[in-house]
Amino acid sequence: MHAGRPDHRIDLDSVALAHFMPMHLLMDGEGRALSYGPTLARVLGGDAMPGARFEELFDVRAPGGAVTVGDVLARAGNRFRLVPRNRVKAGLRGLGRRLPGGRILLNLSFGIDLISAVRDLALTDADFAATDLAMELLYLAEANAAVTRELRGLNLRLEGARVAAEEEAMTDPLTGLRNRRAVDLVLERLCAARAGFGLLHLDLDYFKAVNDTLGHAAGDFVLETVGRILREQLRSEDCAARIGGDEFVVIVAGRSDPKTLQAIADRIIARISQPMPFDGQIARVSASIGIARSSDMMVPDPTQLLAIADRALYAAKHAGRGRAVLLVSRGE
Amino acid sequence: MDALLLRSLQSYVIDTFGLESWKRICNATDAKVETFEPMLRYDPGTADRIAQVAADVLGRSVDAVWEDVGTYLVTNPEREGVRRLLRFGGTCYADFLHSLEELPGRARLAMPHLDLPEVTLDETGPDRFELRCQSHLAGLQRVLVGLLTAMADDYGALCLIAPGTDARTSITVLDSRHARGRRFDLALPEG
């Protein structure tokens, strides 16, 4: 409750002043320097001469239009922003006051340029008053950078894991082909884009017999072999998927010509029909394929296209297996 | 907190003993992962559990493993950041010790969700201190011992650091200017 009483005056010598305010500037009533705090002296370097005028030392950034320390104190109340006229890149914030007797006391601090000032001037914590939060700000800047770095690393690692998981979720583990989920997505995308493409629905013939007579390992071997054949026969923009036990779907991008699609299907059947040696025995299967074309539909629709390909497959099976049938839809 | 210790343990084992050792440790646990993320959350107690497995696999005591982790955090040239953050604590080792009480508050500024345990430091006599840090992590005291030892070297101070009971660690500074400390610039070079 005595804080405001004017009779509690204290006398500080320059050593004590420097201790409490290492960035102070004491001037006479005309704005000529009497003494500099040691840290401010480091900022100003050779400019920190006794008698130097305020306006020779500093360029006033705020308040606008102020040049002399008299202007600053008159215009800004007691708060202002300066940059030193030497090359040191350090914005300085300050407050100032005319002391009884006419002298002027300014106390300055680094604003947000603290870090670069500390770096450029090689300041140590002895250059700051113990009450100054400079250490905390430097600490926080580095802690923040470390946290951000960790978060960026975490993001990259999570993104990598997400891509791998997505890839896994779209892949049939046995054959390495795509799965049903992937087919649905690709069909949806192609139909939405009104792209022309051929849809092959493939079903193995005699697969059950292989499973029954040679065992499940042989069956798996056949499925893996079919997967390899499909990958070899297709281009990278095509999509081959295993959508059920021995059921496959092939999407041939950008091809609508019946002869081309028929040729692709025939080539696949020919390859699959070749004997597959497994564990000293021979597995023999063939394949039936139903073909549908997106160009046969006014508005391509995944479900309807799959239904057409399915009917074509049924026709191929019915016609004696080991063959491909292209079904042109009417009015669908 | 478990996450930070787990990540530290992981880095320490991989850098010191190699990736194969770390994989062996992970395989010997039920953790199902080989990478601990410092920014994620793990069940309390995970760090102590994994450290025990690490100690078994490496054929050392779990206390020794945690102390080495503490030393590693300060001395590993790749992890200069931890040492720097600690050096902001003060210009001499005693200042640094006192700053540890502020460490949880400082850490919260950068990571509000980090629950660093409270630290209290008592001066029990001239150049004698007692540090108290109560945590659910049994290994934390030993990490601190390793860290305090390494920081003493960093400041060039000669100290006797002895873990005691009840999460208390006694520190006796025998010679605060025993050797020339490592250089510390407040700001990192640009870039």
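We name chains A, B, ... by the order of the sequence lines, and we start the count at 1 in each one.
Annotation: Arg53(A), atom CZ; neighbour count of heavy atoms from other residues, nucleotides and ligands within 6.0 Å is above 12. Atom NE2 of His19(A) sits in a sparse spot, with 12 or fewer heavy atoms from other residues, nucleotides or ligands closer than 6.0 Å. Residue-environment remark: CZ (Arg177(B)) stays at or below the threshold of 12 foreign heavy atoms within 6.0 Å. Taking a 6.0 Å sphere around CZ of Arg103(A), one finds it holds 12 or fewer heavy atoms contributed by other residues, nucleotides or ligands.
Looking at heavy atoms from C-beta onward, Leu151(A) lies in side-chain contact with Met39(B) at the 4.5 angstrom threshold.
Separation of atoms OH (Tyr139(A)) and CG (Leu186(B)) is listed at 14.0 Å; rounding is to 0.5 Å. Here the CD-CD distance, from Glu142(A) to Glu80(B), works out to 9.0 Å after rounding to the nearest 0.5 Å. Distance check: Leu138(A) CG to Asp185(B) CG gives 11.5 Å after rounding to the nearest 0.5 Å. Here Met135(A) contributes atom CE and Arg106(B) contributes atom CZ; the two are 9.0 Å apart, rounded to the nearest 0.5 Å.
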Atom pairs and distances, donor-acceptor, side-chain atoms in residues 121-130 of chain B, under 3.5 Å, two or more places apart:
from: Glu123(B); atom 1: OE2; to: His98(B); atom 2: NE2; distance (Å): 3.0
from: Thr124(B); atom 1: OG1; to: Arg128(B); atom 2: O; distance (Å): 3.3
from: Glu130(B); atom 1: OE1; to: Arg168(B); atom 2: NH1; distance (Å): 3.0

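Closest non-hydrogen pair, Ile115(A) versus Ala187(B), comes out as O-CB, 3.8 Å.
For chain A, the nearby part of Arg7(B) is the side chain; its heavy atoms alone come within less than 4.5 Å. If you measure heavy-atom distances from Leu40(B) to chain A, the contacts under 4.5 Å come from the side chain alone.
For the salt bridge (charged side-chain N to carboxylate O under 4.0 Å, His left out) test, no residue two or more places apart in sequence or in another chain qualifies with Arg228(A).
Sorted by first then second residue, the ring pair (Phe, Tyr, Trp, His ring centres under 6.0 Å) pairs that include residues 43-86 of chain B, not counting sequence neighbours, are Tyr12(B)-Tyr72(B).
Listed in order of number, the residues of residues 154-163 of chain A that approach chain B to under 4.5 Å between heavy atoms are Leu154(A), Arg157(A).
Per-residue counts of heavy-atom pairs under 4.5 Å with chain A were compared for Arg84(B), Met111(B), Arg87(B); the largest is that of Arg84(B).
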